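Keep in mind that what you see is a predicted model, and the values were worked out from it rather than measured. Order of the sequence lines sets the chain letters (A, B, ...), proteins ahead of strands, with each chain counted from 1. All values below were derived from every heavy atom in this structure, side-chain atoms included, with hydrogens, water molecules and symmetry-related copies excluded.
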There are 2 protein chains.
Amino acid sequence: MGESGSGSQLIRLHEIRKACSACSLRELCLPVALDRKDTDELDRIVERSRPLRKGEKLCRPGQPFSAIYAVLSGCLKSSLLGHDGESQVIAFHLPGELVALDAIGSGSHPTAIEALETTSVCRIPFSQLEILSRKLPGLQHQLLRVMSKEIFDEHKLLQVVSRRTAEQRLAIMLINLSQRFGRRGLSRTRFRLPMSRLDLGNYLGLAPETTSRTFRRFVDQGLLKVTGKEVELLDLHALHGLTEEAGLPSRHARRC
Amino acid sequence: MGESGSGSQLIRLHEIRKACSACSLRELCLPVALDRKDTDELDRIVERSRPLRKGEKLCRPGQPFSAIYAVLSGCLKSSLLGHDGESQVIAFHLPGELVALDAIGSGSHPTAIEALETTSVCRIPFSQLEILSRKLPGLQHQLLRVMSKEIFDEHKLLQVVSRRTAEQRLAIMLINLSQRFGRRGLSRTRFRLPMSRLDLGNYLGLAPETTSRTFRRFVDQGLLKVTGKEVELLDLHALHGLTEEAGLPSRHARRC
DNA sequence: CGCATATTTGAAATAGTTCAAGTTGAGTGG
DNA sequence: CCACTCAACTTGAACTATTTCAAATATGCG
């Protein structure tokens, strides 16, 4: 299922480093601690497999874990299937980001990971990565850093989904995407949403109808222009403003 | 701030292993791959500092990161401070669990970590842990496992907070606590909630009033008995049943 | 004992969901 | 190039769980 080694080949991490200049993958191989020679070593264990077509799955829940992946192009979504058949979108993965870090702990993939468009990834066999990490202190450090950052990001997401209005959630999401696209050298104000409104709503904890209505409200307010999945942020400043406001008064937080 | 090395002393991990028989800390030092000699090595880098009093902070947001911690007794809560002063409770840490894993990535603590009652922790200097990890493959593996599990748990929490009713959230929380207490050899049906209703509600994404009302509803239904922070689960089966139900119909999830 | 903080309770307000009915849009085959 | 189809998306209106506001009780602690 798109995971077979067939067609896998060595890839040049150096090129990836150039391509995505500030992403997890870069963080994994580029940091000060990792020189050219080290990167070559990492390069040797990384495999590229054939691209996934839209809708194709990188892995299914329960599948045994053997490797983590880095997105080269396209977009993935990972989602957790509920006991009762509903699914919860956990994350969207853009180029340069590492995927399946949540599978290390249990030895099997907890989430389903699916391509939202034609997507190519490279496969990093975990056992080899572990061995290499012991040889390269810089790599070990970076791996821990990336995982820690993942935990932190999750915390932030929780904060977003937990106590914010629909407008704030969408604003935060748009800004987040803007930054992620921007880091890759693409426009921060005009981009194409790789995911459906349904997935987006699911991710943000909103009904698809609410997502749609919130988009429209933003358009009416002149904050953005929307044509299908194409989005243009017209007033980044105002969007930022929205996220700053308290979602709910909340009598929490007292003493410091 | 309770983090100074003063009074730190060697502790016997072997004793901790006995004390908390199925927790993160145990996972960190007990797994098959780690023998007695290895554990001794780990033991040498772990420090114990004086207990934190209720309300005392283990760390504040922004504080430079130098070590992770393991809870020995008591309870900690970590929370993220919003731009606007509100705080979002991210996690509660019971004995045996590792704390501050989200700080590795940025080099400074993103969350405030505070004692909910008198709590003792041991400090594990991160740089030494990293060095030791390279020597002990089993330790490295376990560290990654624990972090991965943290990511996974976060995903689950997100699922809880995102799309479930107040009753389901509370039921899930009570069952979760029940299991965590149970693993430590305590009663699975009678325990003391270490946190306030306010913190609990905040964690679950509910107003404190809603939390209170939901408790009352459960009591009325005969699912539990509550006396202040003391809780007795009377019908664990029914609670489980609540969590299974679909929180919201949701037209998501189609093709498999 | 008495203040300060937590918790509970009731009633009103509301954001968001649900349901139901369009509308759009992309792919397909004639 | 035009129907035709299926799914994604949008829109409106009614509904409801949860929040908010206000105020009464507990509870803890000095």
Side-chain angles (χ1 to χ4, degrees), chain A residues 53-55 77 86 88-89 116-118 160-171 192-220 224 226-231 242 245-255, chain B residues 53-55 77 86 89 114 116-118 160-171 192-220 224 226-231 242 245-255:
Chain A
R53 286 186 305 272
K54 177 175 177 177
K77 102 179 162 192
E86 328 154 40
Q88 163 72 40
V89 176
L116 295 179
E117 56 192 55
T118 302
V160 169
V161 168
S162 181
R163 220 172 283 285
R164 313 205 85 74
T165 66
E167 295 202 346
Q168 291 180 314
R169 296 182 202 198
L170 186 56
R192 189 174 179 284
L193 298 173
M195 71 294 285
S196 70
R197 300 278 194 279
L198 196 143
D199 283 338
L200 187 56
N202 186 312
Y203 177 68
L204 295 174
L206 298 173
E209 293 93 333
T210 309
T211 312
S212 180
R213 274 185 264 264
T214 309
F215 263 111
R216 216 176 92 58
R217 228 174 303 150
F218 280 172
V219 172
D220 290 347
L224 38 97
V226 179
T227 319
K229 307 214 176 222
E230 215 61 54
V231 173
L242 275 176
E245 288 165 25
L248 308 168
S250 93
R251 289 73 112 218
H252 321 307
R254 278 156 296 96
R255 157 195 52 206
Chain B
R53 285 185 304 273
K54 177 176 177 174
K77 102 179 164 194
E86 329 153 41
V89 176
E114 179 184 333
L116 293 179
E117 56 193 54
T118 302
V160 169
V161 168
S162 181
R163 221 172 283 285
R164 313 206 85 76
T165 66
E167 296 202 345
Q168 291 181 313
R169 295 181 203 198
L170 186 55
R192 189 175 179 283
L193 298 173
M195 71 293 285
S196 70
R197 298 281 194 278
L198 196 142
D199 283 338
L200 187 57
N202 186 312
Y203 177 69
L204 294 174
L206 298 172
E209 292 92 333
T210 308
T211 312
S212 180
R213 274 184 263 263
T214 308
F215 263 112
R216 213 174 89 58
R217 230 173 303 151
F218 280 172
V219 171
D220 290 348
L224 37 97
V226 180
T227 319
K229 307 216 176 221
E230 215 61 52
V231 173
L242 276 176
E245 288 165 26
L248 308 167
S250 93
R251 286 77 109 224
H252 320 309
R254 277 157 295 96
R255 159 192 49 208

Under 4.0 Å between any heavy atoms, over every strand shown, what does B/Gly201 touch: base, sugar-phosphate, or nothing? Just pick one. nothing
Assign B/Ser196 to base, sugar-phosphate, or nothing according to its heavy-atom contacts below 4.0 angstrom with the strands shown. sugar-phosphate
May I ask you to verify whether the side chain of [X] and the base of [N] hold a donor-acceptor pair under 3.5 Å?
{"X": "A/Arg213", "N": "C/dT18", "result": "yes"}
{"X": "A/Arg169", "N": "C/dG16", "result": "no"}
{"X": "A/Arg197", "N": "D/dT11", "result": "no"}

Quick one: [X] [atom1] to [N] [atom2], roughly how many Å, whole number?
{"X": "A/Gln168", "N": "C/dA15", "atom1": "CD", "atom2": "P", "answer": "12 Å"}
{"X": "B/Arg163", "N": "C/dT18", "atom1": "CZ", "atom2": "P", "answer": "9 Å"}
{"X": "A/Leu206", "N": "C/dA15", "atom1": "CG", "atom2": "C1'", "answer": "11 Å"}
{"X": "A/Arg217", "N": "D/dG12", "atom1": "CZ", "atom2": "P", "answer": "12 Å"}
{"X": "B/Leu193", "N": "D/dT27", "atom1": "CG", "atom2": "C1'", "answer": "16 Å"}
{"X": "B/Lys54", "N": "D/dT27", "atom1": "NZ", "atom2": "P", "answer": "14 Å"}
{"X": "B/Leu204", "N": "D/dT18", "atom1": "CG", "atom2": "P", "answer": "12 Å"}
{"X": "B/Glu209", "N": "D/dT20", "atom1": "CD", "atom2": "C1'", "answer": "7 Å"}

[X] side chain N/O closer than 4.0 Å to the phosphate oxygens (OP1, OP2) of [N]?
{"X": "B/Thr210", "N": "D/dT19", "value": "yes"}
{"X": "B/Arg216", "N": "C/dT8", "value": "no"}
{"X": "B/Lys229", "N": "D/dT27", "value": "no"}

Heavy atoms, side chains only, cut-off 4.5 Å: are [X] and [Y] in contact?
{"X": "A/Arg197", "Y": "A/Ser212", "answer": "no"}
{"X": "B/Leu200", "Y": "B/Val89", "answer": "no"}
{"X": "B/Lys77", "Y": "B/Met195", "answer": "no"}

Output for pair (B/Leu116 CG, B/Lys229 NZ), nearest 0.5 Å, gives 8.0 Å
State the CZ-CG distance between A/Arg164 and A/Leu206, to the nearest 0.5 angstrom. 13.0 Å
From D/dT18, D/dC9, C/dT7, nucleotide with atom closest to B/Leu198 side chain: C/dT7
Of A/Thr211 and B/Val226, the one whose closest DNA chain C nucleotide lies more 5': B/Val226
